[in-house]
Amino acid sequence: MLPQALRFVVTGGVNTAFGYGIYAACIYLGAGYAIASGVSIVCGVLFSYKTTSAMVFGRGYRGSLARYLGSYVIVYAASVLMLRTMDTYGINPYLAGLLVAAPCAVLSFALLKLFVFRTERHAPVDRHSGL
């Protein structure tokens with residue numbers, strides 16, 4: 001799992017830089033943090049689905065796009081909650097965006113590993129049933 005987590009960090013670094021660039025551009029253009037975060041996540045999801053599935057988890061997964069999108073709905077909700085909390089404390093929105101990146105990355109990896117790109121596990125076969 002460590003090599004996979006390291007690949008996630010590298011790929012996630014590229015995806016995070018891309019997403020943060022979108023977020024910062026939206027803030028610069030006058031959007032609020034909720035809209036900036038939403039636009040950033042939508043663009044980031046579109047950008048990262050293929051890179052994450054291919055470079056981190058190693059193969060295509062049928063039907064995983066819906067679970068991937070669902071996971072990022074959860075990440076978005078967590079992101080907005082953290083950003084709103086920081087906003088109430090007067091934290092600069094640029095800094096808040098950077099501070100939210102790490103916990104959202106951890107949440108994202110956990111959701112992707114456990115629900116999106118999971119390996120199917122089969123129940124053990126009972127070779128002695130009926131004995």
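Hydrogens, waters and symmetry mates play no part in the numbers below; they use all other heavy atoms, side chains included.
- Legend: side chain to side chain donor-acceptor pair (under 3.5 Å) pairs involving residues 98-109, not counting sequence neighbours, sorted by first then second residue: Y72-S108.
- Partners of I74 under the side-chain contact (heavy atoms from CB on, under 4.5 Å) rule, at least two apart in sequence or in another chain, are L107, L111.
- Partners of F18 according to the ring-ring contact (aromatic ring centres under 6.0 Å, His included) rule, which considers only residues two or more places apart in sequence or in another chain, are F47.
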Hey, can you pull the donor-acceptor pairs under 3.5 Å for the side chains in residues 87-96, sequence neighbours left out?
| from | atom 1 | to | atom 2 | distance (Å) |
| --- | --- | --- | --- | --- |
| T88 | OG1 | T85 | O | 2.6 |
| N92 | OD1 | Y94 | N | 2.7 |
| N92 | OD1 | L95 | N | 3.3 |

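- Note on M86: it does not cluster hydrophobically with L81, by side-chain heavy-atom contacts below 4.5 Å among ILVMFWY residues.
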*Step-by-step side chain to side chain contact (heavy atoms under 4.5 Å, CB included) determination, V56 to F117*: CA-CA 10 Å; V56 177; F117 301 114; over 6 Å; no
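- Chaining together hydrophobic side chains whose heavy atoms lie under 4.5 Å apart leaves V73 on its own.
- No path of Ile, Leu, Val, Met, Phe, Trp and Tyr side chains, each step under 4.5 Å between heavy atoms, connects L112 with V14, placing them in separate hydrophobic clusters.
- Taken from OH in Y23 to OG1 in T16, the straight-line distance is 14.0 Å, to the nearest 0.5 Å.
- Using a 4.5 Å cut-off on side-chain heavy atoms (C-beta onward), T52 and Y68 make contact.
- Here the CZ atom belonging to R67 is positioned 12.0 Å from the CG atom belonging to L114, to the nearest 0.5 angstrom.
- By the rule that hydrophobic residues join a cluster once side-chain heavy atoms approach within less than 4.5 Å of another member, L69 and V80 end up as members of one cluster.
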Quiz: residues 27-42 side-chain donor-acceptor pairs under 3.5 angstrom, not counting sequence neighbours:
| from | atom 1 | to | atom 2 | distance (Å) |
| --- | --- | --- | --- | --- |
| S37 | OG | S79 | OG | 3.1 |
| S40 | OG | G19 | O | 2.7 |

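- Hydrophobic clustering, with ILVMFWY side chains joined whenever heavy atoms are under 4.5 angstrom apart, keeps L6 apart from V10.
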